[in-house]
Each structure stands twice: as structure tokens, then as C-alpha cells.
Amino acid sequence: LRLRTTGGYGAFRYSGLRASSGGSELVKFQGTVSFADLLVGYHRQLGPLTLKLYAGATAARYAIDPFDPEAEVQGTGVGAKAAVETWWTISDMAWSQLDVSYATLHQTYAGRLRLGWRVAPVLSAGVEAATDGNIDGRSGRIGGFLRYEWGQGEVSASGGLMTDWADGE
């Protein structure tokens, strides 16, 4: 049995044509998002493959300034969430990870694939590709990461290039 808690914060900006008294105008928006997950899960070891299945709750808050009448993802909400995490130990020095999740809150989904190398027994570095989305749109990212682990958990930092796709593109 596993307990997984996750939280995060991010900022974003975008622009779009919105109706105005003179027809339409380009409006620039700035937003923030914060979220937290509380999931209970099951862990199974199958030789070099680790499989974790989780289910629980997610909460998120999206704030957009100025208010965007066309954005469906705004405000605070809660929902159910499920996640599958896999880990394959390729060798003593290399590993891969594939994680996917879906939440009912804003029909949110995410997927991430990593390939990591152990730089030290507790420190890994590598490359990753990710996608995520919700009812307002979707995005993709490629980049790199650093991961530090200890007996009770891990922390990682990622960075890279990201692109957004609007519906219909």
C-alpha cells in the first residue's frame, strides 16, 4: 500500500481575440495554477519492472487576469484522479519511467516518459518527453531533468521546451 501526495504551482500567459464594443480585440491574459493530489495506491514488483496504481482526489485553482469568458478552466475545483506509474531498471546505471494519469476535474490528463542515468547512487539526470491537457487545450514538452532520491522519497526538477495546441490544430 502506498500514499502519494503531490503539489505544484505554475504561471502562464496567452493572448486571444475577444469580443469588444468595436468588434474584437487582442487581449493578453496572465494566469496562475496551483494543485494538490492525495492518492492511495498499490505497488507491485515484477523483476526489473515496478508497477504502481493510484486513485484518489485532486484539487486545483486556476486564476486568469483579466477574466477570460472563453476559458472553461478557471476557479477552484476538486475531482477524482487515477494514475499509473511504471519504472524499468535497464541496468545499474540506466532506467526508464512512464507515468500516465487522468482526473475528472476539467478532464485533465498527463503522460511523461523519462530515460535516466545514475550520476551517483542517489542522483540521476536524463531526458524526458511529456504531454498534458484538459478541456481548454493540450501541450507537449521535451527537456531534461535531475532527480534526487532517498529511502523515503524523491524530488526532481525538470526544464525544457514546451508548445501548446489549441483545439482543432
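Contact between Trp95 and Trp117 at its shortest, heavy atoms only, is NE1-N, 4.2 Å. For Gly16 against Phe29, the heavy-atom pair with the smallest separation is N-CE1, 4.3 Å. Closest non-hydrogen pair, Ser139 versus Asp164, comes out as CB-OD1, 3.0 Å. The minimum heavy-atom distance between Gly160 and Arg141, with the atom names listed, is N-NH1, 4.3 Å. Minimum interatomic distance between Lys28 and Pro66 (heavy atoms only, all atoms of both residues): O-CD, 3.5 Å.
Proximity of Asp92 to Arg118: side-chain heavy atoms (C-beta onward) are nowhere separated by under 4.5 Å. Side-chain contact between Tyr9 and Thr32: present, with at least one pair of heavy atoms (C-beta onward) separated by less than 4.5 Å. In this structure the side chain of Ile64 reaches within 4.5 angstrom of the side chain of Tyr14, judged on heavy atoms. Side-chain contact between Gln45 and Thr50: present, with at least one pair of heavy atoms (C-beta onward) separated by less than 4.5 Å. By the 4.5 Å heavy-atom criterion applied to side chains, Thr86 and Trp88 are not counted as neighbours. By the 4.5 Å heavy-atom criterion applied to side chains, Asp132 and Thr108 are not counted as neighbours.
Residue Leu53 holds its CG atom at 9.5 Å from CD of Glu85, rounded to the nearest 0.5 Å. In this structure, Asp37 CG and Thr58 OG1 are separated by 4.0 Å, a value rounded to the nearest 0.5 Å. Atom OG1 of Thr163 and atom CZ of Arg138 lie 10.0 Å apart (nearest 0.5 Å). A distance of 10.5 Å separates CG of Asp136 from CD of Gln107, quoted to the nearest 0.5 Å. For the atom pair CD of Gln97 and CG of Asp99, the computed distance is 4.0 Å after rounding to the nearest 0.5 Å. Of the inter-residue distances, the one linking Ser124 atom OG with Met93 atom CE reads 8.5 Å to the nearest 0.5 angstrom.
A salt bridge links Arg18 to Asp68: one of the charged nitrogens lies within less than 4.0 Å of a carboxylate oxygen.
Under the 3.5 Å distance criterion, the side-chain polar atoms of Thr104 are matched with a main-chain donor or acceptor of Ala80.
In Ile142, the CD1 atom is not crowded: 12 or fewer heavy atoms of neighbouring residues, nucleotides or ligands sit closer than 6.0 Å. For Gln30, the CD atom sits in a loose shell: 12 or fewer heavy atoms of surrounding residues, nucleotides or ligands are nearer than 6.0 Å. Within a 6.0 Å sphere centred on CG of Leu3, other residues, nucleotides and ligands contribute more than 12 heavy atoms.
Val40 and Tyr102 sit in two unconnected hydrophobic clusters of ILVMFWY residues. Membership requires side-chain heavy atoms under 4.5 Å apart, directly or through other members. Linking Ile, Leu, Val, Met, Phe, Trp and Tyr whenever their side-chain heavy atoms come within less than 4.5 Å leaves Val27 and Phe67 in two separate clusters. Hydrophobic clustering (side-chain heavy atoms under 4.5 Å, transitive across Ile, Leu, Val, Met, Phe, Trp, Tyr) groups Phe145 together with Trp87. Follow the hydrophobic side-chain contacts under 4.5 Å out from Phe12 and you reach Ile135 in the same cluster.
Each of Glu128, Arg114, Glu149 was checked for a side-chain contact (heavy atoms from CB on, under 4.5 Å) with Ser156, and the lone residue meeting it is Arg114.
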### Query
Going through the distances and angles, do Ile90 and Leu115 end up as a side chain to side chain contact (heavy atoms under 4.5 Å, CB included)?
CA-CA 10 Å; Ile90 300 168; Leu115 180 59; 3.8 Å; yes
### Task
Run the numbers on Asn134 and Tyr62 for side chain to side chain contact (heavy atoms under 4.5 Å, CB included), then give the verdict.
CA-CA 12 Å; Asn134 57 37; Tyr62 285 83; 4.0 Å; yes
### Task
Output, in order, the C-alpha distance, side-chain angles, deciding distance and verdict of side-chain hydrogen bond (donor to acceptor under 3.5 Å, both in side chains) for Arg112 and Ser158.
CA-CA 11 Å; Arg112 179 180 65 189; Ser158 300; 5.0 Å; no
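Side-chain contact of Arg4 with Thr6: a donor-acceptor pair under 3.5 Å is present, judged by distance alone.
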